[in-house]
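First up is the structure itself, then whatever we jot down about it.
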Amino acid sequence: MEPNDAVKSGLASGVERWREQVHALAQSLHAKPELSFEEAESSAAIAELLEEGGFHLERGTGGLPTAFTATVGTGELTVALCVEYDALPEIGHACGHNLIAGASTAAALALAPHVDELGITLKAIGTPAEEHGGGKTLLLEAGAFDGVGMALMVHPVQDGLTYNPAGTSAQAVGRYRAVFSGKAAHAAAAPHLGVNAADAAVLSQVGVGLLRQQIPGDHRIGLYVAEGGTATNIIPERVVVVFECRAFTLREYWALLKRVRGCFEGAAIATGTEVTIEATEPLYEPLVQDDAPAAHWTAAMQSFGRDTTPSAGLSGGSTDMGNVSQVIPSLHPWLSIPGADVPIHSHGFTTLADTPEAYGLMFEAATALCWTVADAATDPEQKARFIAASYQRKAFQEAGIR
């Protein structure tokens, strides 16, 4: 049974009802970007608007000060709309999280009056630190997603990508800090008595550079020297290299990480230094798009005249929504901003995330999210599957999965 036209019309009208306030919210987030775990004003503004819309608010969810959970309804199926709002250092909302927050918030506000007729419990979960820190992973571990049977959000990207999420994914990523330890000495009077940690860092970068020739084309390695010495007349005794590895499957990811670690360990052996390597953030797992909500979303975007041609392949980048999608049926479609001819994580994209075209698309996405939830909730077989898939943290932990 599909939702009738009156329900879908009511949901679309609900998005329109909140348009002015949500538009102002998204613009204010863009104007005052806040970094991971520091999103105090952003999270507070979103929470206050949801509270105005009839949601019960829990602030500081999972012990994270800038997280929140907004809940309405008591239905058997619990649906979560993930709200992101952190920005990037120096370039602000170059990943369009102001649009993500706006789309999820508008969808939540529009769905709220319909939760009883749809038979759902609706949660808007404020998830900080997506860019760095893995807020969703921490919230999963803290129980914020317990009982959720379907999770949804959207993500803006540059122009030219399909609005059809079927077959798309995002890479696993792990981030690490390698510290080379050597021995200081006067670089002119006694260089032979020093052990040069900077040399080890250089060799590790050369090793990684050569390794790139021998790995699959969809693997990624990134690194930079975070600390590299203090003065020209001192042999550097401590150098820090920060690096990350990405791959589309966990098996490939762990194999890649082993080879990259070998570059650092080999550099330490060659230079007589010591190296320690530790993770700096939770592992982001590959993204899994659930076919059912993906089909509903695609139909909704097609009704807006958007390109829903099937994707030619997997998408790059990474998200902690991947961790959610590994244990909860999830949807994370891509929003191709018309005219956005620059990549995300650039100054140009920051500007494009604050344009009429971007905000217009944001509200289309909010309506499509509403219709996707309604379609899933009124299909008996799908609804039963999502209820059965409701995440139970303890069960996964006991099974050794999480």
Side-chain angles (χ1 to χ4, degrees), residues 15 18-19 21-36 39 41-43 45-47 49-50 66-68 70 79-88 91-111 123-136 139 151-158 161 163 165 168 170 284 287 289 293 297 301 315 317-325 330-337 340 344-345 349-350 352-355 357-370 372-373:
V15 171
W18 292 97
R19 176 182 284 266
Q21 286 163 280
V22 173
H23 189 185
L25 171 70
Q27 285 185 309
S28 70
L29 297 184
H30 190 278
K32 294 183 178 180
E34 296 176 300
L35 302 183
S36 298
E39 318 95 324
E41 291 188 32
S42 300
S43 61
I46 299 166
L49 186 56
L50 289 167
T66 57
F68 64 80
V79 176
L81 290 166
C82 295
V83 188
E84 293 180 4
Y85 34 81
D86 62 320
L88 289 156
I91 56 176
H93 279 290
C95 208
H97 288 197
N98 61 313
L99 304 174
I100 296 172
S104 289
T105 301
L109 291 166
L111 280 163
K123 293 180 180 287
I125 303 179
T127 60
E130 188 276 336
E131 293 295 352
H132 286 282
K136 292 183 193 63
L139 289 171
L152 309 91
M153 61 171 289
V154 299
H155 199 297
V157 290
Q158 60 269 27
L161 274 72
Y163 293 86
T168 66
Y284 287 25
L287 177 68
Q289 307 275 20
W297 163 272
M301 295 307 290
S315 301
S318 305
T319 171
D320 57 3
M321 188 66 177
N323 299 63
V324 176
S325 74
S330 297
L331 179 69
H332 183 282
W334 314 101
L335 290 182
S336 185
I337 298 177
I344 60 174
H345 289 210
F349 199 87
T350 303
L352 289 164
D354 188 39
T355 59
E357 292 78 11
Y359 292 123
L361 183 61
M362 177 182 76
F363 288 110
E364 283 185 15
T367 303
L369 284 173
C370 289
T372 298
V373 171

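Just so it is clear, the structure is predicted and the values come from calculations on it, not from any experiment. What's counted below: heavy atoms across the whole structure, side chains too, no hydrogens, waters or symmetry copies.
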Shortest non-hydrogen contact between Ala366 and Ala103, atoms and distance: CB-O, 3.5 Å
Glu34: salt bridge (charged side-chain N to carboxylate O under 4.0 Å, His left out) partners, not counting sequence neighbours: none
Pair Leu361-Tyr163, side chain to side chain contact (heavy atoms under 4.5 Å, CB included): steps then yes or no: CA-CA 11 Å; Leu361 183 61; Tyr163 293 86; 3.9 Å; yes
Any residue meeting side-chain hydrogen bond (donor to acceptor under 3.5 Å, both in side chains) with Glu39, in chain and number order, not counting sequence neighbours: Thr66
Spacing of CD1 belonging to Ile337 relative to CG belonging to Leu161, to within rounding of 0.5 Å: 11.5 Å
Side-chain donor or acceptor of Thr105 paired with backbone N/O of Gly102 under 3.5 Å: no
Results of side-chain contact (heavy atoms from CB on, under 4.5 Å) for Glu357 - residues two or more places apart only: Thr355
Residue pair Cys82 / Met321: nearest heavy atoms and the distance that separates them: SG-SD, 3.9 Å
Distance-minimising heavy-atom pair for Leu49 and Leu109: O-CD2, 3.8 Å
Residues Gln158, Ile344; criterion side chain to side chain contact (heavy atoms under 4.5 Å, CB included); working and verdict: CA-CA 7 Å; Gln158 60 269 27; Ile344 60 174; 3.9 Å; yes
Positive for side-chain contact (heavy atoms from CB on, under 4.5 Å) with Trp297, one of Leu152, Thr372, Val373: Thr372
Pairs where residues 79-88 contributes a residue and the test side chain to side chain donor-acceptor pair (under 3.5 Å) is met, not counting sequence neighbours: Ser36-Asp86, Glu84-His97, Glu84-Lys136, Asp86-His97
Interatomic distance, His345 atom NE2 to Thr350 atom OG1 [nearest 0.5 angstrom]: 9.0 Å
Set of residues satisfying ring pair (Phe, Tyr, Trp, His ring centres under 6.0 Å) with respect to His30, sequence neighbours excluded: none
Mutual orientation of the aromatic rings belonging to His155 and His332 [parallel < 30°, tilted 30-60°, perpendicular > 60°]: tilted
Under the side-chain contact (heavy atoms from CB on, under 4.5 Å) test, residues paired with Ala87 that sit two or more places apart: Pro33, His93
Leu50 versus Ala108, closest heavy-atom pair with distance: CD2-CB, 4.0 Å
Any Val15 side-chain heavy atom under 4.5 Å of Val22 side chain: no
Leu331 versus Pro293, closest heavy-atom pair with distance: CD2-O, 3.8 Å
Any donor-acceptor pair under 3.5 Å from Thr127 side chain to Val83 backbone: yes
Minimum side-chain heavy-atom gap Leu81-Leu111 below 4.5 Å: yes
Side chain to side chain contact (heavy atoms under 4.5 Å, CB included) assessment of Thr367 paired with Glu364: CA-CA 5 Å; Thr367 303; Glu364 283 185 15; 5.9 Å; no
Whether Ser325 side chain and Leu287 backbone form a donor-acceptor pair below 3.5 Å: no
Atom of Ala353, atom of Asn98 and distance for their closest heavy-atom approach: O-ND2, 3.1 Å
Sub-4.5 Å side-chain heavy-atom contact between Phe349 and Ile91: no
Separation of Ile100 CD1 from Leu29 CG (nearest 0.5 Å): 11.0 Å
From CG (Leu139) to CG (Asn323), nearest 0.5 Å: 11.0 Å
Full working for side chain to side chain contact (heavy atoms under 4.5 Å, CB included) between Asp354 and Tyr359: CA-CA 7 Å; Asp354 188 39; Tyr359 292 123; 2.5 Å; yes
